[in-house]
Amino acid sequence: MRKALIAANWKMYKTPAEALAFVEAFLPLVASHTRDEIVLFPAHVSLPTVIPAVKNSNVLVGAQNMHWQAEGAYTGEVSAGMLTSLGCTHVLIGHSERRQYFCETDEIVNQKLKTALANDLVPVVCVGEHLDEREANRTEEVLRRQVGRGLINIAPEEAGTVAIAYEPVWAIGTGRTATPELAAEAHLIIRSQVAQMLGREFAEKLRILYGGSVKPENAPALLNQPEIDGALVGGASLDPASFAKIVQYTTF
Ligand code: PGA
């Protein structure tokens, strides 16, 4: 059994004070929850507030982005070492908004992934097709390319903890969710591509999350699919009660 990862991607929302208020309200709601891994991805500026606030709890904290170099003249960027020095354990890589608005390519994703693994950060690599690609029946080709290039030149013994988030771009922030069947179909494509590259045994252990308009109402149907090993939640993770309901998907 793969332990599900339920993650909150707060994007460019919440000041440090607002992030702290979330944590204070959220922790008691999930205090007894051990079934899944729970991870919050706040904005960088909130990391020094959120990480100490979740200490000794069942909640971990990751960053939404990082640079692949250890240090250098890269104005506005942060390194993996800076993140781990704060106590970050996870990092999102190649979110579709990074690909779309900040020109991140599969090659950049691959460099960031290698850096995350070398720094013992759990990478959550995001992939997903645009609406026109789905309508043109190109979903499989897009997913195989993104996974193929994103994970290239990484050996199974190095890839360790990597997780992949399948986030169809047409479902992000739109209220349009992939049906559990559509999502599971995409997850099978991703798993088969990973099996080709890193072997079947590795692929069987790989966690593949679904993201795109996950809400308390649709979380149970999605997360009870055997192929779906967690969720990456944007909008519905901004409210503590709503995100707690998603975490407890089978128990409410
Ligand atoms: P959403 O965002 O839940 O608001 O659709 C998901 C994501 O972008 O990770």
Side-chain angles (χ1 to χ4, degrees), residues 4-14 18-19 22 26 36-44 46-47 50 59-66 88-104 109 112-113 116 121-131 133-134 139 142-143 146-147 150 162-180 182-184 186-187 190 207-223 225 228-249:
L5 195 168
I6 317 285
N9 174 12
W10 288 347
K11 310 191 179 188
M12 201 170 72
Y13 292 98
K14 294 192 190 295
E18 289 164 347
F22 176 103
F26 179 67
D36 313 293
E37 197 169 302
I38 308 170
V39 187
L40 304 176
F41 289 91
H44 284 147
S46 293
L47 293 171
V50 171
V59 174
L60 296 166
V61 180
Q64 296 174 17
N65 181 36
M66 59 161 208
C88 262
T89 52
H90 293 62
V91 65
L92 293 182
I93 295 179
H95 189 279
S96 65
E97 286 148 18
R98 303 272 343 147
R99 293 176 188 259
Q100 193 170 347
Y101 306 126
F102 303 99
C103 306
E104 283 196 13
V109 167
K112 291 186 174 188
L113 174 57
L121 282 162
V122 177
V124 181
V125 176
C126 305
V127 298
E129 80 287 359
H130 285 260
L131 184 59
E133 293 167 330
R134 173 158 288 273
T139 300
V142 170
L143 295 178
Q146 289 178 338
V147 173
V162 68
I164 293 182
Y166 169 59
E167 298 208 305
V169 179
W170 48 269
I172 296 179
T174 58
R176 258 184 93 173
T177 325
T179 60
L182 266 190
H187 286 212
I190 293 169
R207 290 182 298 179
I208 306 180
L209 285 54
Y210 169 78
S213 297
V214 175
K215 308 269 179 263
E217 300 73 36
N218 59 27
L222 287 161
L223 287 159
Q225 275 277 346
I228 300 183
D229 311 313
L232 182 54
V233 188
S237 75
L238 294 169
D239 172 70
S242 154
F243 188 52
K245 275 193 192 155
I246 293 173
V247 167
Q248 290 148 356
Y249 54 93

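Read the numbers this way: they start at 1 and go in the same order the structure lists the ligands and their atoms. Owing to the predicted nature of the structure, the values given are computational and were not obtained by experimental measurement. Values below: every heavy atom of this structure, side chains too, minus hydrogens, waters and symmetry copies.
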Requested in this report: Could you tell me whether the side chain of Asn9 and the main chain of Lys11 form a donor-acceptor pair under 3.5 Å?
Outcome: yes
**Report entry** ligand 1 versus Ile172: contacting region, heavy-atom distance under 4.0 Å
**Finding:** both
Query raised in the report: Backbone N or O of Leu238 within a donor-acceptor pair of the Lys14 side chain at under 3.5 Å?
Result: yes
Requested in this report: Look at the side chain of Trp10 and the backbone N and O of Ser237, then say whether any donor-acceptor pair between them is shorter than 3.5 Å.
Outcome: yes
Query raised in the report: Tyr210 vs Tyr166 aromatic rings, parallel, tilted or perpendicular, using cut-offs 30° and 60°?
Result: tilted
Report task. Check whether any N or O atom of Ser213, backbone or side chain, sits under 3.5 Å from an N or O atom of ligand 1, and answer yes or no. Result -> yes
Requested in this report: Give the residue, atom name and distance (to 0.1 Å) of the protein heavy atom nearest atom 9 (O) of ligand 1.
Outcome: Glu167 OE2, 2.7 Å
Requested in this report: Would you check if the side chain of Asn65 reaches a backbone N or O of His95 as a donor-acceptor pair within less than 3.5 Å?
Outcome: no
Query raised in the report: Does ligand 1 have a heavy atom under 4.0 Å from the side chain of Ala171, from its backbone, from both, or from neither?
Result: backbone
Report summary line: Looking only at protein heavy atoms, what sits closest to atom 4 (O) of ligand 1 is Gly235 N, 2.8 Å
Query raised in the report: Which residue holds the protein heavy atom closest to atom 2 (O) of ligand 1, what is that atom called, and what is the gap in Å?
Result: Lys11 NZ, 3.3 Å
Report summary line: Here the gap from Glu97 atom CD to Glu167 atom CD, rounded to the nearest 0.5 Å, amounts to 8.0 Å
Query raised in the report: Taking the non-hydrogen atoms of His95, is any one of them nearer than 4.0 angstrom to ligand 1?
Result: yes
Query raised in the report: Can you tell me how far CD1 of Ile172 sits from CD of Gln100, rounded to the nearest 0.5 angstrom?
Result: 8.5 Å
Report task. For Leu232, take its heavy atoms, then give the atoms of ligand 1 lying under 4.0 Å from any of them. Result -> 6 (C), 9 (O)
**Report entry** For Gly212, atoms of ligand 1 separated by under 4.0 Å from a heavy atom
**Finding:** 5 (O)
Query raised in the report: Just going by heavy-atom distances, which of Gly173, Gly234, Ser237 is nearest to atom 5 (O) of ligand 1?
Result: Gly173
